[in-house]
Amino acid sequence: MASRHVRRHRGRLTVALLATASLIAAACGSDDDSSGNTTEAPTAPTSDESATTDASAASDGAASGGDIEAERDVGTVVLVANQDAGDEGPIDGMIEGLEASATTYGFETQFVAAPDPATHETTLRNLAESGADVVITTFFDLASTVELVAPDFPDTTFLTVVAAPSEQPNVNTVDYEFYKGAYVGGRFAAAMTETDKLAYIGGAPLPFAWADFNAFTAGAQDINPDIETTATFAPGGFTDAPGGRELAASLYADGNDFIFTGAAETDLGVVEAAVENDGMVMVSSDLADRGPENVAIIVLIEWADTIQAELDNIIQGGELGRFRLANPESGEISFEVPASFLDGASGARSAAAEAAIADFEATVAAIQSGEIVVEQISEEQ
């Protein structure tokens, strides 16, 4: 197995009661260097009316679904991803949101998988030249290419998901304060662990990953200062399910009984290892069916809701050139202790989870109300 970046953390982190002065954007990415391909959109999961309503409520003044007369003429919306579909996570969630918005507004959709960075500029230019009205891109590496292409196509609106703010007037950006959810997960993990050893698996040691790990540690150590946390990163990045499985298995063997994984497709392998090693895992996608007795908590990024909210804003004549942070307060980060875990977890875990529910719910409410403001520390400590 390739060597892994490991950081063990014992010092107690603080939870700030004052808002931080600046927010460093969270992100995902991919280390996949295979050649890019263009494909038609796969069949997306069915989206119900409540998802459309929730997404619209999260946008700045955008109305929810129904028969809406669009203020901007949008005939085609393309989602360009630096990862393939089928991850049961970010990409599939964005496809779901795209198809739900297409049902509402009647535009045509296309999905383009472009894992090879060498193809990014050509892909985006070709789409803009062919008349795509809105081009949605995923994560930082594609967003950097948008900055090069967007000035040449002022009539095309670009939406970058998980990226830094843009100065281009035709580029909207949305990012997530996922570290707030990580803090909640850390508190829950502290209530569940029997070994006082918790671990984190990320796709790469990027600033957002450290923010998530540090907030997870803060939450855990606010419950029990003696808890030790370990940060690791999958050798193959965000698309390495086999590597995630191997890494998680080694962490469980090392005495960590609870792993927080935030590495997109790699998470699938981590959940497999949790099942095989009777470990507990926190995920950011709805993977409870893959490990009903092991997925202890889901801190879910509502990718579909975000895409719908952003398209509502664009189509209904909302602000362009804006940057928005999605978070628990907007409803685009949600929380669940799966019923399958409460009903079927081994040993005393079900009882421990039931006992932790009150603190779990109170912490979520306090973050959403602003009573608790989680400090963002986006570097290795």
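In this chain, residues are counted from 1 in sequence order.
- Looking only at side-chain heavy atoms (C-beta outward), I307 and V161 come within less than 4.5 Å of each other.
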Query raised in the report: salt bridge (Lys or Arg N to Asp or Glu O under 4.0 Å) between E319 and R324: does it pass, once the steps are laid out?
Result: CA-CA 11 Å; E319 179 185 4; R324 185 173 72 88; over 6 Å; no
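- The residues R322 and E310 are annotated as salt-bridged, a charged nitrogen and a carboxylate oxygen being separated by less than 4.0 angstrom.
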Requested in this report: Verify side chain to side chain donor-acceptor pair (under 3.5 Å) between E147 and S166, making sure each step is shown before the conclusion.
Outcome: CA-CA 7 Å; E147 290 298 292; S166 172; 2.5 Å; yes
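- Smallest separation of non-hydrogen atoms from A356 and A191: CB-CB, 3.8 Å.
- L342 and A353 get closest at one heavy-atom pair: CD2-CB, 3.6 Å.
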Query raised in the report: Could you go step by step and tell me if F188 and M282 meet the side-chain contact (heavy atoms from CB on, under 4.5 Å) rule?
Result: CA-CA 9 Å; F188 186 80; M282 165 183 158; over 6 Å; no
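- Checking side-chain atoms of N214 against main-chain N and O of I377 turns up a donor-acceptor pair under 3.5 Å.
- When side chains are defined from C-beta on, E71 does not count as touching I315, because their heavy atoms never get closer than 4.5 Å.
- Nearest heavy atoms, G243 versus D240: N-OD1, 2.8 Å.
- Around CD of E276, the count of heavy atoms belonging to other residues, nucleotides or ligands within 6.0 Å exceeds 12.
- For the pair S369 (side chain) and A366 (backbone), a donor-acceptor distance under 3.5 Å is present.
- Using modelled atom types, no side-chain atom of N172 and backbone atom of L159 make a donor-acceptor pair closer than 3.5 Å.
- Rounded to the nearest 0.5 angstrom, E265 CD and D84 CG are separated by 7.5 Å.
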**Report entry** V337 vs F360, side-chain contact (heavy atoms from CB on, under 4.5 Å): CA-CA, chis, key distance, verdict
**Finding:** CA-CA 9 Å; V337 177; F360 165 74; 4.0 Å; yes
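- A donor-acceptor distance shorter than 3.5 angstrom exists from the side chain of N294 to the backbone of A274, with no hydrogens or angles considered.
- Shown here for V171 and A150, the closest heavy-atom pair between the two residues is CG2-CB, 3.6 Å.
- Rounded to the nearest 0.5 Å, atoms CD (E336) and CD1 (I298) are 4.5 Å apart.
- Among pairs with a residue in residues 150-164, those fulfilling side-chain hydrogen bond (donor to acceptor under 3.5 Å, both in side chains) read R125-D152, T160-T173, at least two apart in sequence or across chains.
- Aromatic pair W303/F178: ring centres not closer than 6.0 Å.
- We find the CG-CD distance between D305 and E96 to be 8.0 Å, quoted to the nearest 0.5 Å.
- Counted by atom type alone, D312 and Y105 present one or more donor-acceptor pairs between their side chains at under 3.5 Å.
- The shortest side-chain heavy-atom distance between D278 and Y252 does not fall under the 4.5 Å cut-off.
- Within the 3.5 Å criterion, the main-chain N or O of N126 finds a donor-acceptor partner in the side chain of S130.
- Once rounded to the nearest 0.5 Å, the distance linking CG of N327 with CD of E329 reads 4.0 Å.
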**Report entry** Verdict with reasoning, E302 to S334, per side chain to side chain donor-acceptor pair (under 3.5 Å)
**Finding:** CA-CA 7 Å; E302 301 285 356; S334 63; 2.6 Å; yes
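- The backbone N or O of A304 lies less than 3.5 Å from a partner atom in the side chain of Q308, making a donor-acceptor pair.
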Query raised in the report: Should T261 and Y200 be marked as a side chain to side chain donor-acceptor pair (under 3.5 Å) after you check the CA-CA gap, both sets of side-chain angles, and the distance that decides it?
Result: CA-CA 6 Å; T261 182; Y200 166 75; over 6 Å; no
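- Residues K180 and E177 are paired through a salt bridge, judged by an N-O separation under 4.0 Å between the basic side chain and the carboxylate.
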**Report entry** E361 vs F335, side-chain contact (heavy atoms from CB on, under 4.5 Å): CA-CA, chis, key distance, verdict
**Finding:** CA-CA 9 Å; E361 293 177 343; F335 305 83; over 6 Å; no
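- L127 contributes atom CG, which lies 11.5 Å from atom CG of D133 (distance to the nearest 0.5 angstrom).
- Qualifying side chain to side chain donor-acceptor pair (under 3.5 Å) partners for E293, counting only residues two or more places apart in sequence or in other chains: none.
- R72 places a side-chain N or O within donor-acceptor distance of the main-chain N or O of G318, the cut-off being under 3.5 Å.
- Annotation: side chain of F213 is not in contact with side chain of T232 (no heavy-atom distance under 4.5 Å).
- Using a cut-off of 4.0 Å between Lys/Arg side-chain N and Asp/Glu carboxylate O, D359 and R187 are scored as salt-bridged.
- Considering only heavy atoms from C-beta on, T306 stays 4.5 Å or farther from I301 through its side chain.
- In this structure, N277 contributes its side chain and G279 its backbone to no donor-acceptor pair below 3.5 Å.
- D254 has a carboxylate O that lies under 4.0 Å from a charged side-chain N of K197, or vice versa, which qualifies the two as a salt bridge.
- Using a 4.5 Å cut-off on side-chain heavy atoms (C-beta onward), V149 and F158 make contact.
- In this structure, CZ on F140 lies 12.0 Å from CG on N82, to the nearest 0.5 angstrom.
- The heavy-atom pair separating A273 from A248 by the smallest distance is CB-CB, 3.5 Å.
- The main-chain N or O of D116 is found under 3.5 Å from a side-chain atom of T119 such that the two form a donor-acceptor pair.
- In this structure, V283 and V271 have side chains that are in contact, with non-hydrogen atoms separated by less than 4.5 Å.
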Query raised in the report: When you look at V77 and E108, which way does the side-chain contact (heavy atoms from CB on, under 4.5 Å) test go after all the steps?
Result: CA-CA 6 Å; V77 180; E108 297 294 323; over 6 Å; no
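- For the pair T229/I227, a side-chain contact is recorded, criterion being any heavy-atom separation below 4.5 Å from C-beta on.
- Here the shortest heavy-atom pairing between N170 and P154 reads ND2-CA, 3.8 Å.
- Side chains of D267 and S285: no donor on one and acceptor on the other come within 3.5 Å.
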